[in-house]
Amino acid sequence: MQDTDSAGKGERAALAQALRAVHADLLAVVLAETQIQPEASLARVHKRTAADTIYHIDRVGEGPLLEALERHLAPLAPVLLIAEGVAEQGRTIPAGTPTEQVRWRLLMDPLDGTRGLMYQKRSAWILSGLAPDRGPATSLQDIEVAVQTEVPLVKQHLYDQLWAVRGEGAQARRIHRFSGASEGLPLQPSTATSLAHGFGSVCRFFPGGRDVLGRVDDLIARRLLGPGTAGVSRCYEDQYIASGGQLYELMVGHDRYVADVRPWLAPLLQARGEAAPSCAHPYDLSTLLIAEEAGVVITNLEGGPVDAPLDTTTDVGWVGYGNASLRATIEPALREALRHTGLWPTGAVPHPENP
């Protein structure tokens with residue numbers, strides 16, 4: 001007779017495989033649409049929800065996503081789907097399953113990085129995280145299975161898929177779009193110990209407070225690398241408008257840190273008479289598990305674990321570091337910069353170092 005731990009491990013592996021198949025089906029639909037639809041059509045605004053702006057490109061996969069979940073995931077376990085656009089209030093899979101029979105909660109962003117993809121500037125990502133159901137209290141920290149799949153540009157013939165089961169490390173493959181051939185993709189976060197000549201970013205994608213966020217970035221660079229030399233670039237930034245894409249850049253060693261402090265920008269914008277910032281939400285971070293299993297160090301803005309309910313509306317701030325040494329170097333500079341610019345909230349207490 002199979003023991004409970006082995007049975008649980010086997011179920012999680014099967015769920016990961018099923019999610020990978022769901023992603024493959026959804027990817028095929030989105031790629032077909034990007035090849036035939038003009039950019040102007042894909043970039044049309046469909047509606048504005050509490051989660052985000054929904055563009056035409058976001059809608060093309062809604063029906064196929066539900067079909068793929070019924071086909072691949074429903075036979076394994078009853079699931080409550082929570083996803084941007086298609087199921088923001090929750091939807092059971094198989095359809096019609098009573099909520100009390102749900103065993104897992106599936107948090108998804110069917111297309112993270114819409115804005116870059118619809119203009120064919122940069123890859124988007126399909127993001128999924130599965131957590132054992134604990135009702136409304138289920139959170140990001142409960143996620144045990146995660147998959148993220150690159151949605152490449154039309155001109156791009158390779159794409160990457162990454163996945164993880166908690167406690168078993170992260171895995172990745174690079175796949176040829178046309179032949180289906182694939183090969184293992186090593187995940188190696190940066191081993192650097194300094195920001196010098198590397199990429200690090202303070203997220204400032206949208207209008208509102210970019211002067212302050214840019215100042216935070218400059219203060220970090222100055223503290224860590226000094227005033228600089230005329231004509232010499234000391235470090236670089238990369239504003240990838242996709243949380244999944246940012247996590248990927250950390251996992252493969254391209255970026256040394258990413259800081260998304262937008263939730264702490266709200267009081268400053270309010271004082272200026274400006275709208276609250278657009279922030280990352282839990283579904284944007286549904287694949288944090290993969291990055292952590294790959295060795296990326298991820299914290300909330302106070303330095304503790306990133307946690308939030310599995311929903312599409314809670315504002316979430318986070319910081320990712322390529323390794324513990326980079327965290328030890330950059331985190332004090334980030335905190336100092338947040339205090340200097342007035343973004344560190346009154347009463348916020350730095351969390352002790354994670355073990």
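These values consider heavy atoms only, across backbone and side chains, with no hydrogens, waters or symmetry-generated copies.
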Q: For residues E302 and V349, report the shortest heavy-atom separation together with the two atoms involved.
A: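 The pair with the smallest heavy-atom distance is OE2-N, 3.2 Å.
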Q: Would you call S128 and M108 a side-chain contact if the rule is heavy atoms closer than 4.5 Å?
A: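 Yes; the side chains approach each other to less than 4.5 Å.
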Q: Cation over ring, R335 on W344, under 6.0 Å and within 45°?
A: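 Not flagged: R335 not positioned over aromatic ring of W344.
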Q: Apply salt bridge (charged side-chain N to carboxylate O under 4.0 Å, His left out) to the pair R223 and E336, showing each step before the final yes or no.
A: CA-CA 9 Å; R223 168 167 169 170; E336 181 181 278; 2.8 Å; yes
Q: List the atom of L31, the atom of P152, and the distance in Å for their closest heavy-atom pair.
A: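 So the minimum-distance heavy-atom pair works out to CD2-O, 3.5 Å.
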Q: Salt-bridge test for E249 and R256: reply yes if a basic N is under 4.0 Å from a carboxylate O, no otherwise.
A: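 Salt bridge absent between E249 and R256.
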Q: In Å, rounded to the nearest 0.5 Å, how long is the span from CG of D133 to CG of L130?
A: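 The CG atom of L130 is 11.0 Å from CG of D133, to the nearest 0.5 Å.
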Q: Determine yes or no for a side-chain-to-main-chain donor-acceptor pair under 3.5 angstrom, with R105 supplying the side chain and L81 the backbone.
A: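 Flag not set: sc R105 to bb L81 has no pair under 3.5 Å.
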Q: Sequence neighbours left out, what passes side chain to side chain donor-acceptor pair (under 3.5 Å) with Q239? Give chain and number order.
A: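 Only E237 meet the side chain to side chain donor-acceptor pair (under 3.5 Å) criterion with Q239.
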Q: Taking it one step at a time, do Q246 and C203 satisfy side chain to side chain contact (heavy atoms under 4.5 Å, CB included)?
A: CA-CA 10 Å; Q246 293 173 317; C203 301; 3.0 Å; yes
Q: Compare every heavy atom of W104 with every heavy atom of R12, then report the nearest pair and how far apart it is.
A: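 In this case the closest contact between R12 and W104 is CG-CH2, 4.1 Å.
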Q: Please confirm whether the backbone N or O of R134 pairs with a side-chain atom of D142, one donor and one acceptor, at under 3.5 Å?
A: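 Checking the backbone N and O of R134 against the side chain of D142, no donor-acceptor pair under 3.5 Å is found.
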Q: Out of curiosity, R173 CZ to E183 CD, how far, rounded to the nearest 0.5 Å?
A: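 One finds 7.5 Å between CZ of R173 and CD of E183.
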Q: Grab the two heavy atoms, one from G245 and one from Y240, that are nearest each other, plus how far apart they are.
A: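 Smallest heavy-atom distance, with atoms named: CA-CE1, 3.5 Å.
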Q: Does the structure place the NZ or CZ of R177 under 6.0 Å from the centre of the six-membered ring of Y159, at an angle of no more than 45° from the ring's axis?
A: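 Output no; distance or angle outside limits.
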Q: When hydrophobic residues are tied together by side-chain contacts of less than 4.5 Å, even through go-betweens, does L27 share a cluster with L153?
A: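 Hydrophobic grouping puts L27 with L153.
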Q: Using every non-hydrogen atom in the two residues, find where V212 and R272 come nearest and quote the distance to one decimal.
A: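 Minimum heavy-atom separation between V212 and R272: CG2-NH2, 3.5 Å.
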Q: Can a donor-acceptor pair be found, under 3.5 Å and without considering hydrogens, that links the side chain of N323 to the backbone of S190?
A: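 A pair under 3.5 Å: yes.
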Q: Tell me whether Q141 contacts the main-chain N or O of V306 through its side chain, where contact means a donor paired with an acceptor under 3.5 Å.
A: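 Yes; judged by distance alone, with no hydrogens or angles, the pair exists.
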Q: Of V30, L111, V86, which is the lone residue that meets side-chain contact (heavy atoms from CB on, under 4.5 Å) with L65?
A: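 Testing L65 for a side-chain contact (heavy atoms from CB on, under 4.5 Å) against V30, L111, V86 leaves exactly one candidate, V86.
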Q: Hey, can you tell me if Y248 and W125 have their rings parallel, tilted or perpendicular (30° and 60° cut-offs)?
A: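 Rings of Y248 and W125: tilted, as their planes differ by 30° to 60°.
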